[in-house]
Amino acid sequence: MFSKPFNKNNDENTSIWRSWPFAVGGLCGPMLGKLLSRWLPLFTASALAAFIAWFMVGIIFAFLPYGPQWNFRRWLIVSVLVGLTAGALTFLFPWT
């Protein structure tokens, strides 16, 4: 389960190292949102932080050899949708 990434001897789908960009994006997104909320309204800061975090995750997945299904256009669309969702949820349920 804790094999090195891209090790051909183990099943790559069960490697925990394959998901490290999601952990980084999930940890950095809320912290960036809190930082940006000093200068922007909370829902705008959350939307921008979620977009930036998942866009960076998308760049990592687009340029590492994870497979042809991880392309740049797909992650750009996903990043926009995640940013809009985070902004809408923060607008409806503010946490400050």
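- Apart from Met31 itself, the hydrophobic cluster it occupies contains Leu27, where clustering links Ile, Leu, Val, Met, Phe, Trp and Tyr at side-chain heavy-atom distances under 4.5 Å.
- Sorted pairs that involve residues 24-33 and meet side-chain hydrogen bond (donor to acceptor under 3.5 Å, both in side chains), not counting sequence neighbours, are lacking altogether.
- With sequence neighbours excluded, the residues satisfying side-chain hydrogen bond (donor to acceptor under 3.5 Å, both in side chains) with Thr90 are Ser46.
- Closest heavy-atom contact between Gly25 and Pro30: O-CD, 4.5 Å.
- Its side chain within the 4.5 Å cluster rule, Leu89 clusters with Phe43, Phe91, Leu92, Phe93 among the Ile, Leu, Val, Met, Phe, Trp and Tyr residues.
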Name every donor-acceptor pair, under 3.5 Å, that has one atom in a side chain of residues 48-61 and the other anywhere in the protein, sequence neighbours excluded.
none

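- For Leu81, the side chain to side chain contact (heavy atoms under 4.5 Å, CB included) partners two or more places apart in sequence, or in a different chain, are Ile77.
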